[in-house]
2 protein chains.
Amino acid sequence: MSSLPHLRLDDPRSTLLRAAIAEFAERGEAGARTDAIARAAGVNKALLHYYFGTKQALYAAALDTILAGLKEHYLGLLAGPGSAGLRILRYVRANFDRMASSRDYARVLGHEMMRARSGASASLPHMAQTYFGPLHAQVCAALAEGIRSGEFRALDPAQTALTLTGANVFYFIAAPVLAEVTDRDPREPDMLRLRRAAILDHAAALLFEDRAAGQAMARALLEASPDLPPEP
Amino acid sequence: MSSLPHLRLDDPRSTLLRAAIAEFAERGEAGARTDAIARAAGVNKALLHYYFGTKQALYAAALDTILAGLKEHYLGLLAGPGSAGLRILRYVRANFDRMASSRDYARVLGHEMMRARSGASASLPHMAQTYFGPLHAQVCAALAEGIRSGEFRALDPAQTALTLTGANVFYFIAAPVLAEVTDRDPREPDMLRLRRAAILDHAAALLFEDRAAGQAMARALLEASPDLPPEP
DNA sequence: TAACGGTTTAACCGTGTGGTTAATATGTCC
DNA sequence: GGACATATTAACCACACGGTTAAACCGTTA
């Protein structure tokens with residue numbers, strides 16, 4: 001996008017962007033207030049328009065920042081070495097870790113999903129085409145490969161991809177409700193560790209023809225990286 | 001709530017409520033416009049305040065209407081006859097059918113989840129305590145029972161309950177995004193049938209110690225009620 | 001130091017929105 | 001038919017919000 005945007009984290013533009021991501025994550029684009037973003041960034045509201053033009057453009061920039069590099073990361077894992085089973089489990093783990101390590105990521109995406117009624121979101125078609133589409137296709141391809149090789153059960157790849165991401169995403173989307181129901185914060189490290197183990201176990205149990213082998217693979221992956229990356 | 005509210009579907013109050021549910025489902029409480037609701041109901045905006053007082057109260061009424069009777073229905077299924085496996089699968093199917101048959105249900109709940117940042121939603125604590133809490137507890141109890149009896153694998157009940165609802169809910173929450181990615185409407189009857197079969201198969205594969213038996217049970221449940229209830 | 005470009009601010013503006021009010025319609029009982 | 005309660009409306013209001021404007025600030029260079 002710009003030439004060297006990722007250094008200098010204390011210039012007003014970056015500060016605004018970070019404040020915007022937090023605000024959009026909490027309230028969505030419609031609910032976010034530009035005043036609040038500017039105030040949180042310790043900056044005049046006009047400066048926001050000076051750098052980003054409109055609220056919608058700021059939102060697009062926030063989305064781009066959040067999604068930057070993520071597609072490549074996921075596609076890399078899915079196309080990497082190892083059996084289809086190993087690659088899918090690696091992807092599931094990476095997806096979980098990404099959401100666990102950034103409080104805003106899952107919620108921004110959640111708001112985007114909610115906003116996306118037929119043709120109402122300006123950013124949706126772009127995001128679907130450049131991000132979700134290729135990702136979904138690649139997950140389906142890996143699933144199909146595993147089914148062909150006999151490593152996976154006879155599954156519908158598209159449906160299975162949805163179940164996997166759904167199980168993964170829902171935990172974070174529903175986190176505030178969950179906190180109310182269970183009296184524990186789902187983002188607490190202990191809770192995250194529990195969920196991380198569960199999601200890998202569930203994915204393995206769902207996918208593999210030889211369930212015991214799949215679960216062993218999931219456990220190995222878990223032990224290979226037992227700790228979550230810290231919040232950036 | 002009131003004495004005889006559910007008859008006479010063409011009085012202004014009911015019309016307003018239905019219009020409100022549709023509007024809240026599309027845009028959430030923050031995004032919904034009272035003007036638009038009144039206009040959709042073919043009624044003056046002041047009448048909305050005459051009947052419901054404030055937008056927030058209207059939203060609460062909409063939530064109550066959507067959730068009315070649902071908890072009893074689900075709890076009934078979970079406490080009904082049959083093994084834990086059968087009851088859980090019946091519940092999963094009922095949950096799916098509910099979301100499939102009402103375009104608004106899942107999306108209203110989705111918006112409510114998004115809105116529920118720490119202590120910001122007035123309706124969340126009430127909903128969590130009277131609705132989600134008991135339901136979650138009952139699902140966990142059924143899961144624990146199945147684990148104890150050996151029908152299910154050794155699972156963490158709470159985590160498993162989350163995976164099940166997540167896989168179920170996500171499909172409908174993400175429907176607009178999905179439509180963009182796959183070029184087919186996920187709410188099309190054919191797509192719903194596919195998803196319905198998949199969700200039951202996935203639940204069975206995830207839960208049962210004897211996977212083949214579980215899948216047979218899921219298939220039997222599917223054939224017992226092959227068609228979805230129509231949209232009300 | 002004066003001119004200049006990029007940066008930042010205080011003050012302002014138009015509009016959309018939730019909510020109010022006062023007046024009018026509608027029905028019902030005597 | 002008149003009194004009275006319930007419905008329903010047109011017109012209005014206050015204000016929050018996204019966006020604008022013109023001026024001030026600041027570092028650099030001549």
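This is a predicted model, so every value here is computed, not measured. Within every chain, numbering begins at 1; the chains are lettered A, B, ... in the order of the sequence lines, protein sequences first and strands thereafter.
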Value in whole Å for how far the C1' atom of dG6(C) lies from CZ of Arg13(A): 15 Å
Give a yes or no on whether a donor-acceptor pair under 3.5 Å exists between the nucleobase atoms of dG18(C), that is its base, and the side chain of Lys45(B). yes
To the nearest angstrom, the CG-P distance between Leu47(B) and dG18(C) comes to 16 Å
Nearest to the side chain of Asp35(A) - dG18(C), dG18(D), dT9(D)? dG18(D)
Below the 4.0 Å mark, does dG16(C) have OP1 or OP2 next to a side-chain nitrogen or oxygen of Arg33(B)? no
Here the distance between atom P of dT20(D) and atom CG of Leu48(A), to the nearest Å, is 12 Å
Side chain of Pro12(B): nearest nucleotide among dG19(C), dT8(D), dT9(D)? dT8(D)
Could you go step by step and tell me if Tyr171(B) and Arg196(B) meet the side-chain contact (heavy atoms from CB on, under 4.5 Å) rule? CA-CA 10 Å; Tyr171(B) 181 81; Arg196(B) 196 172 187 250; over 6 Å; no
Which nucleotide wins on minimum distance to the side chain of Val43(B), given the candidates dT9(C), dT20(D), dT9(D)? dT9(D)
Residue pair Phe96(B), Phe172(B): steps toward the ring-ring contact (aromatic ring centres under 6.0 Å, His included) verdict: CA-CA 9 Å; Phe96(B) 178 90; Phe172(B) 296 96; 5.3 Å; yes
Counting heavy atoms from C-beta on, name the nucleotide in dT8(D), dG19(D), dA10(D) closest to the side chain of Asn44(B). dA10(D)
Could you check whether Ala32(B) gets within reach of a base, just the sugar-phosphate, or nothing at all, counting any heavy atom under 4.0 Å? sugar-phosphate
Are Leu48(B) and Val43(B) close enough, and set up right, to give a side-chain contact (heavy atoms from CB on, under 4.5 Å), and what steps lead you there? CA-CA 8 Å; Leu48(B) 184 157; Val43(B) 131; 5.8 Å; no
Quick one: is dT8(D) close enough that its OP1 or OP2 comes under 4.0 Å of any side-chain N or O from Tyr51(B)? yes
So, does Thr34(A) get its side chain near the phosphate of dG18(D), meaning an N or O under 4.0 Å from OP1 or OP2? yes
Nearest-nucleotide pick for Ala46(B), side chain only, options being dG18(C), dT9(D), dT9(C): dT9(D)
Test item: Tyr105(B) and Leu67(B) side chains (from C-beta on) under 4.5 Å apart, heavy atoms: yes
Winner on side-chain proximity to Tyr50(A), out of dG18(C), dA7(D), dG6(C), is dG6(C)
